[in-house]
Amino acid sequence: CKFDHTPFYFINSFFSKKFNLQESIHYVSIVRNPWHRMASLFEQELLRDVVGFSKKTALNKDIRNYLNKSYETNTQVLLKYLGFFDHNKRKDLFKFWLFYLGLNRKILPFFNPNLNILPQSWWLVDELDNKIIENIFMFENLKSLEVNYKIKLSHENEKKIKFNYSDYYDQQTIDYVSILDKYVIEKFGYDF
């Protein structure tokens, strides 16, 4: 599962039972400032060229490109038609991505919804068995994970141009992410 973003409830309830894993399994997960996380996902999906990510990597990683070979082209055509690629409209593009490209199947009905726009608790909590991953580390302090497990993490997807994540937000999108990731915000003390 190295390259899968698999929810805890799936691993806990289905994967371990299917393979009859008897030994005790220790889970580790990482959380991130929710507003920064959404801005980063937005950059990975829609601003790859602008921030210096490889375009090829995006096509290989986004499942929607496998499900529909025209996904990337159709999305670009739609966004250009709406005038969202003007750098002065980045807040509008971010809002459109967050509210519509991610969730509203009426906008692009034949495409898989953006599964990244889910609360982080999806990866941390198994509500079926009322369990939570105990070893949770903050992205902003990965050094503690490295020290705890005596490992060195690599950063494979580094962007070349960094923008301030808060520049993408208005009050409506700030509030949306606050509600979406309420559990992580309260448990780890994140703020915008």
Side-chain angles (χ1 to χ4, degrees), residues 1-45 51 53 57-58 60-64 66-67 94 97-99 101-103 112-159 162-166 168-169 171-192:
C1 295
K2 179 183 175 188
F3 298 105
D4 291 336
H5 289 269
T6 308
F8 178 47
Y9 77 84
F10 178 81
I11 297 171
N12 189 46
S13 298
F14 302 107
F15 182 78
S16 61
K17 289 175 184 168
K18 179 179 179 180
F19 294 101
N20 198 23
L21 300 175
Q22 300 297 323
E23 71 266 13
S24 178
I25 298 173
H26 299 280
Y27 299 99
V28 174
S29 192
I30 300 169
V31 295
R32 186 175 189 182
N33 176 306
W35 298 277
H36 198 196
R37 172 181 167 253
M38 282 301 163
S40 179
L41 290 168
F42 166 68
E43 289 176 345
Q44 288 180 37
E45 291 196 18
V51 298
F53 284 137
T57 304
N60 289 339
K61 285 188 173 182
D62 193 329
I63 192 169
R64 291 169 294 189
Y66 289 110
L67 298 175
F94 177 71
W97 172 80
L98 188 63
F99 292 165
L101 290 182
L103 299 173
N112 188 38
N114 183 353
L115 294 177
N116 289 315
I117 302 180
L118 290 168
Q120 292 177 76
S121 61
W122 195 68
W123 288 279
L124 310 173
V125 177
D126 179 354
E127 292 176 349
L128 299 174
D129 285 346
N130 200 25
K131 291 183 180 178
I132 183 170
I133 292 178
E134 293 181 11
N135 299 310
I136 302 173
F137 295 87
M138 295 172 74
F139 180 83
E140 297 78 10
N141 186 17
L142 288 179
K143 191 70 178 162
S144 63
L145 186 148
E146 292 178 326
V147 169
N148 194 50
Y149 289 99
K150 298 179 180 146
I151 58 171
K152 180 71 178 154
L153 299 172
S154 64
H155 197 105
E156 299 172 9
N157 202 15
E158 185 111 32
K159 57 188 171 186
K162 301 188 191 254
F163 294 112
N164 188 341
Y165 76 88
S166 61
Y168 296 129
Y169 286 88
Q171 194 58 53
Q172 190 179 16
T173 51
I174 291 170
D175 293 344
Y176 179 83
V177 174
S178 297
I179 293 166
L180 179 75
D181 245 341
K182 183 178 180 186
Y183 175 84
V184 167
I185 290 167
E186 290 178 354
K187 184 163 178 64
F188 295 93
Y190 283 114
D191 58 29
F192 183 72

Inset, instruction - Check side-chain hydrogen bond (donor to acceptor under 3.5 Å, both in side chains) between N148 and all other residues, then give those that pass, not counting sequence neighbours. - result: none
Legend entry - Residues that N33 engages under side-chain hydrogen bond (donor to acceptor under 3.5 Å, both in side chains), provided they are two or more places apart: none
Inset, instruction - For the residue pair I151 and L145, establish whether any side-chain heavy-atom pair is separated by less than 4.5 Å. - result: yes
Legend entry - Validation row: Y168, L98 side chains within 4.5 angstrom (heavy atoms): no
Legend entry - Interatomic spacing from CD in Q120 to CG in L180 - rounded to 0.5 Å: 8.5 Å
Legend entry - Check: W35 and D181 side chains under 4.5 Å, non-hydrogen atoms: no
Inset, instruction - Kindly write out the residues that satisfy side chain to side chain contact (heavy atoms under 4.5 Å, CB included) with K182, not counting sequence neighbours, or none if the list is empty. - result: E186
Legend entry - L124 side chain reached by K187 side chain, heavy atoms, under 4.5 Å: no
Inset, instruction - Identify the two heavy atoms, one from F94 and one from M38, that lie closest to each other, and give their separation to 0.1 Å. - result: CE1-O, 3.8 Å
Inset, instruction - Please round to the nearest 0.5 Å and tell me the distance separating atom CH2 of W97 and atom CG of L41. - result: 5.0 Å
Inset, instruction - Test side chain to side chain contact (heavy atoms under 4.5 Å, CB included) on T173 and F99 and set out the steps. - result: CA-CA 9 Å; T173 51; F99 292 165; 4.1 Å; yes
Inset, instruction - Could you list the residues that satisfy side chain to side chain contact (heavy atoms under 4.5 Å, CB included) with S121, not counting sequence neighbours? - result: P119, V125, Y183
Inset, instruction - Return the set of residues passing side-chain hydrogen bond (donor to acceptor under 3.5 Å, both in side chains) with E134 (not counting sequence neighbours), or none when no residue passes. - result: none
Legend entry - Partner residues of L142 under the side chain to side chain contact (heavy atoms under 4.5 Å, CB included) criterion, sequence neighbours left out: I30, F139, L153
Inset, instruction - Name all residues meeting the salt bridge (charged side-chain N to carboxylate O under 4.0 Å, His left out) criterion together with K143; count only those two or more places apart in sequence or in a different chain, and write none if there are none. - result: E146
Legend entry - Ring centre gap for F192 and Y165 strictly below 6.0 Å: yes
Legend entry - 4.5 Å side-chain heavy-atom contact, I185 and P34: yes
Inset, instruction - Could I get the full list of side chain to side chain contact (heavy atoms under 4.5 Å, CB included) partners for D191, not counting sequence neighbours? - result: none
Inset, instruction - Measure the shortest side-chain to side-chain distance between R32 and M138 over non-hydrogen atoms and say whether it is less than 4.5 angstrom. - result: no
Legend entry - Which residues share a side-chain hydrogen bond (donor to acceptor under 3.5 Å, both in side chains) with S166, sequence neighbours left out: N164
Inset, instruction - Check ring pair (Phe, Tyr, Trp, His ring centres under 6.0 Å) between Y190 and all other residues, then give those that pass, not counting sequence neighbours. - result: none
Legend entry - Y149 and F137 aromatic ring geometry - parallel, tilted or perpendicular at 30°/60° bounds: perpendicular
